[in-house]
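The first residue of the sequence shown is numbered 1, and numbering continues consecutively from there.
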Amino acid sequence: MTGTDLAAVLDGARVLPVLTVPDAATAGPLADALAAGGARCAEVTFRTPDAEQVLKTMAAHGGLTVGAGTVLTPEQVDRAMAAGARFVVSPGFDEDVVAKCRQLGVPVVPGIASATELMRALQSGLDTVKLFPAQPLGGIPMLRALAAPFPHARFVPTGGVDAPRLPAYLAVPAVLAVGGSWMATPAHLERGEYDEIRRLTAGAVHGSAT
């Protein structure tokens, strides 16, 4: 399993909306809003009781490539795959989660926060990791410092990234894509602000293309 597999799944998409969806009833309209804004992929976090149903609904939408995030155990990998996940994202590096994903042939992006963790991920056969939480860890200077001694590593920085910071992160050659939650927050969903989700998504996607 390599980062190239993830790149193929993302198909050139450089912005990854990271979604925490408390109510499965909002999944359909959310998928419509993201797709209308130009998003081609999304990560549904396993942080809510409805996460699997949300993932199923969004995976069935057809306009989005959907993965599972906040995956902490091999059992959650199985559940994510059954719900239609095309990739798996974890907040940290867990050997069992990585091994399960490799067994199932699904791209996995483990989180790392240090050079030591990055080396563990690379030694496991991966070349793409999530720098998490990216901004609290030091942001772009931290990202560049990690990328320098590991020129073949690719990064998906997530955590504390917002619209103003997005272009600078995308300008780093080692960055494959950037994950962010500002495009569709639980507050947006609670208020039914799907037009705002579409607008913010379009702004992010447009910014990634410039």
- M81 CE: over 12 foreign heavy atoms closer than 6.0 Å: yes

Tell me, please, which residues at least two apart from [X] pass salt bridge (Lys or Arg N to Asp or Glu O under 4.0 Å).
{"X": "R47", "answer": "none"}
{"X": "K56", "answer": "none"}
{"X": "R40", "answer": "none"}

Separation between [atom1] of [X] and [atom2] of [Y], rounded to the nearest 0.5 Å:
{"X": "R198", "Y": "E193", "atom1": "CZ", "atom2": "CD", "value": "12.5 Å"}
{"X": "F155", "Y": "F132", "atom1": "CZ", "atom2": "CZ", "value": "16.0 Å"}
{"X": "K130", "Y": "F93", "atom1": "NZ", "atom2": "CZ", "value": "14.0 Å"}

- Message: Going by side-chain contact (heavy atoms from CB on, under 4.5 Å), V18 matches just one of V161, T45, T70. Which one?
- Response: T45

- Under the side-chain hydrogen bond (donor to acceptor under 3.5 Å, both in side chains) test, residues paired with E75 that sit two or more places apart: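 E75: side-chain hydrogen bond (donor to acceptor under 3.5 Å, both in side chains) contacts with R79.
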
- Partners passing side-chain hydrogen bond (donor to acceptor under 3.5 Å, both in side chains) against T48 (at least two apart in sequence or in another chain):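 With sequence neighbours excluded, T48 shows a side-chain hydrogen bond (donor to acceptor under 3.5 Å, both in side chains) to no residue whatsoever.
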
- Query: Got a donor-acceptor contact below 3.5 angstrom from the D94 side chain to the V97 backbone?
  - Reply: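 Side chain of D94 to backbone of V97: a pair is present.
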
- Got a sec, which hydrophobics cluster with M58, joining ILVMFWY side chains under 4.5 Å apart, including via others?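 Besides M58, the hydrophobic cluster comprises L19, V21, L30, L34, V44, F46, V54, L55, L64, V66, L189, Y194, I197, listed by chain and residue number.
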
- Item | Carboxylate-amine/guanidinium contact E117 R120, below 4.0 Å |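 So E117 does not pair with R120 through a salt bridge.
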
